[in-house]
Structures are given as structure tokens and as C-alpha cells.
Protein chains: 2
Amino acid sequence: MTRPAPGGEPMALAAAHLRAAGLRVTVQRMAVLAAVSESAGHLDADALRERARRVTGALSLQATYNVLRALTEAGLVRCTQIPGHPARYEVEHRDNHHHFVCLRCAAIRDVECTVGAAPCMEPRLPAEYEVREAAVTFWGVCPDCRGARPDTSSM
Amino acid sequence: MTRPAPGGEPMALAAAHLRAAGLRVTVQRMAVLAAVSESAGHLDADALRERARRVTGALSLQATYNVLRALTEAGLVRCTQIPGHPARYEVEHRDNHHHFVCLRCAAIRDVECTVGAAPCMEPRLPAEYEVREAAVTFWGVCPDCRGARPDTSSM
DNA sequence: TCCATAATCTTGACTGACTCCACAAAAGGC
DNA sequence: GCCTTTTGTGGAGTCAGTCAAGATTATGGA
């Protein structure tokens with residue numbers, strides 16, 4: 001039996017990532033980062049807090065937000081804000097992918113870039129505008145929701 | 001002197017639009033719709049309420065939200081939700097344009113479609129996904145902000 | 001023109017997501 | 001191991017938006 005700590009390897013990995021990013025290594029940060037990594041992505045702050053608590057025991061909501069902001073600023077985590085829903089977090093892969101959001105269940109699914117590596121990065125704007133990022137969000141209905149209820153909504 | 005009502009022609013126009021959309025014509029609705037039309041677009045509910053109040057005198061925030069929802073559902077107004085900012089409204093032109101958002105001052109500017117009429121509408125998703133809309137948001141720095149402060153932020 | 005009725009507006013309380021603040025706790029360099 | 005600085009905690013507060021109930025008002029028919 002060689003389980004060093006609750007959370008095991010993901011925690012060690014998280015610690016390494018934190019250190020590499022020049023962040024202080026705390027139980028809370030490891031736990032939250034591990035939670036983001038382990039989930040398939042797209043969990044909100046509260047869900048991540050719940051998961052992290054399995055390791056830390058207690059974890060304030062404030063701390064969760066602090067950690068997530070630190071991780072986001074360090075480039076370890078990507079924050080996806082979908083209008084009308086709490087912000088969700090996923091591991092930063094730097095692949096510039098986009099998102100499909102289900103209008104019914106609000107599920108999020110990653111979508112590969114439609115065109116090349118940085119799609120739609122050539123808006124028709126005067127040169128003075130400095131474009132740094134393009135976020136594409138596809139709105140629609142996911143297979144699960146289509147199956148459950150053919151199509152009642154018209155929006 | 002033939003000024004029929006405070007607000008004048010825009011109000012009459014708004015009334016006509018409301019009637020055409022099958023909505024009841026109320027002072028509040030005319031005032032809000034006129035406010036959306038007169039502004040260059042991209043005002044939030046509170047700003048629109050302020051403008052509408054010049055005509056209606058009093059107007060509750062709740063009524064403003066009700067009216068904006070009715071107008072949006074009727075297809076007269078388009079609601080643009082930028083993560084981290086209150087929802088903003090503009091007249092629906094059905095031209096499928098997108099938005100540029102300044103990271104510093106949060107100003108919004110319309111952007112013509114990058115490719116054809118419905119850009120990026122071909123995400124690499126299984127056929128079971130029903131895509132209804134694609135929203136493209138460009139994040140960057142507007143000319144005003146670049147001029148005022150060369151470039152201090154790195155985000 | 002008046003009236004009945006259903007849609008709309010007002011007021012006030014409430015929710016959810018997130019932030020601010022001050023103090024306590026802990027990480028990491030010496 | 002000590003000390004400085006960064007982090008985390010708990011509680012109050014903010015902001016955008018919603019819910020609910022009763023008062024008003026637009027609209028179609030008599």
C-alpha cells in the first residue's frame with residue numbers, strides 16, 4: 001500500500017504544475033486543480049468546490065474563487081463564461097477550441113476549430129482595433145435533449 | 001405646433017412596430033423600443049430604462065425587463081450577452097453580425113460577418129447536434145483605450 | 001362611448017453568482 | 001526553526017435579474 005496522500009497521483013501532478021507556474025503550493029490549490037483535471041471539464045466553481053472538498057475537507061467558496069482566479073491567471077485553467085450560466089472551468093490546452101452550448105440543459109461540449117488553428121480571427125475592423133481573442137459559441141440542442149423531447153421550443 | 005406626444009415620431013414608429021409584431025401598444029413599450037432604436041445600440045437594461053423614463057416619467061426596472069423580453073421574443077430587439085457584463089440590447093437587423101468587446105472599457109462594436117452570411121456555422125460536431133446559432137465575440141482593445149494607455153495590461 | 005377581461009405595470013422581496021474586507025493560518029526563503 | 005508574505009476563512013455586501021401579488025390599462029365587442 002503506497003498511497004501517499006488523499007487524492008494520490010493527481011495531487012502530486014497538480015503540485016508540480018503549480019510549482020512550474022510559479023504559484024505557491026497549497027492543499028486547496030492542488031485539490032481544485034486536480035478537480036478541474038479529473039472532471040471532463042466544464043464544471044462551475046461550486047461543483048469544483050464540492051470535488052475539492054473530498055480532499056481538503058473544508059474549503060470556502062471565497063477560497064475556491066481565489067484559487068480559480070490564480071490558476072486562470074497562471075494559464076493552468078481556462079475559464080468559460082456562458083451568458084446566463086455561472087462561469088465554468090477546464091484545463092487549458094491552448095488549442096483554441098470553442099464551445100457548443102445546449103439551449104435546454106446548458107451542457108457544454110468542446111468544438112474543434114472550424115477553420116485552421118485560429119478561426120474567425122480576421123474581423124472586418126479598422127487596423128486600430130487590437131484583436132486578441134475570438135470566442136465562438138454555438139447554441140443549439142444536444143443529442144440527449146433532442147432524444148428526450150423531439151422539439152417543442154422554437155428558440 | 002403639431003407634436004402629438006412626448007418622444008414624437010420615434011414613438012409613433014415604435015407603436016407601428018409593436019402593432020406589426022402583434023404586441024400590445026403601451027407607453028412603456030413604445031418608450032423602451034424608441035430608446036433602443038435611438039441609441040447606437042448596446043445599452044443595458046438600466047441605461048434603456050433611464051432613456052425611456054424621459055418619455056414615460058416613471059418606469060420600473062421590472063417593467064423594463066418585461067418589455068425587453070417581450071421585444072426580444074417578438075424579434076424586434078436583439079439581446080447581446082457579454083460574459084461579465086449586463087445584457088445589452090440593440091435593434092434586430094437580422095444581418096447576423098458579431099461583436100468586438102474592449103477588454104478595458106467594455107465598449108461593444110459591431111463586426112461584419114467574417115465569412116459570408118453565416119460564418120463559422122459548420123462546427124465539427126456529430127450530426128445529432130442541432131446547431132441553431134453561432135455567436136462570435138472578438139476580445140481586444142479599442143482605439144480609444146490604445147490611445148489613452150499604450151499597453152499596460154498583458155491579458 | 002362604455003365595459004369586461006386579459007395583458008401589462010408597480011412594488012417589494014428574493015435569488016444566485018460573485019466580490020470586498022479584516023483577521024487567522026500556512027508556505028517557503030533565510 | 002523563525003519571520004515575512006501570500007493564502008484561506010467567514011461574513012457582509014453588490015449586482016443583475018427573477019418571482020409574486022395586487023393595481024392599471026389596452027383592446028375588442030356591445
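FYI, side chains are in, hydrogens and waters are out, and symmetry mates aren't considered; it's all heavy atoms of this structure. For clarity, every value in this text was computed on a predicted model and none was experimentally measured.
The interatomic distance linking Leu61(B) (CG) with dA13(C) (P) rounds to 15 Å, in whole Å. The distance from atom CG of Leu59(A) to atom C1' of dT9(D) is 10 Å, rounded to the nearest whole Å. To the nearest angstrom, C1' of dA16(D) lies 14 Å from CG of Leu48(B). Between the CD1 atom of Ile82(A) and the P atom of dC18(C) there is a distance of 12 Å, rounded to whole Å. In this structure, Leu18(B) atom CG and dT8(C) atom P are separated by 10 Å, rounded to whole Å. Per the geometry, CD belonging to Gln81(B) stands 14 Å off C1' belonging to dT18(D), to the nearest Å. In this structure, CZ of Arg49(B) is placed 15 Å from P of dC15(D), rounded to the nearest angstrom.
Of the inter-residue distances, the one linking Phe100(A) atom CZ with Thr137(A) atom OG1 reads 11.0 Å to the nearest 0.5 angstrom. For the atom pair Thr26(A) OG1 and Leu33(A) CG, the distance stands at 10.5 Å (nearest 0.5 Å).
Residues from residues 64-75 of chain B that place a heavy atom under 4.0 Å from any atom of DNA chain D, listed by number: Tyr65(B), Arg69(B). Near-neighbour residues of DNA chain D inside residues 24-31 of chain A, defined by a heavy atom below 4.0 Å, number-ordered: Arg24(A), Thr26(A), Gln28(A), Arg29(A).
The side-chain contact (heavy atoms from CB on, under 4.5 Å) test applied to Arg53(A) returns Arg49(A), Glu50(A), Thr56(A), Leu59(A), not counting sequence neighbours. Applying the side-chain contact (heavy atoms from CB on, under 4.5 Å) rule to Glu73(A) yields the partners Arg69(A); only residues at least two apart in sequence or on another chain are considered. For Asn66(B), the side-chain hydrogen bond (donor to acceptor under 3.5 Å, both in side chains) test picks out Gln62(B), with sequence neighbours left out. Not counting sequence neighbours, the partners of Val25(B) by the side-chain contact (heavy atoms from CB on, under 4.5 Å) test are Ala15(B), Leu18(B), Arg19(B), Met30(B).
One hydrophobic cluster, built from ILVMFWY side chains closer than 4.5 Å, holds both Val91(A) and Leu76(A).
A salt bridge does not link Glu128(A) to Arg146(B): none of the charged side-chain nitrogens sits closer than 4.0 Å to a carboxylate oxygen.
Residue whose closest nucleotide on DNA chain D sits further toward the 5' end, between Asp44(B) and Leu23(B): Asp44(B).
When all heavy atoms of Ala45(B) and Tyr89(B) are compared, the closest pair comes out as N-CE1, 4.2 Å.
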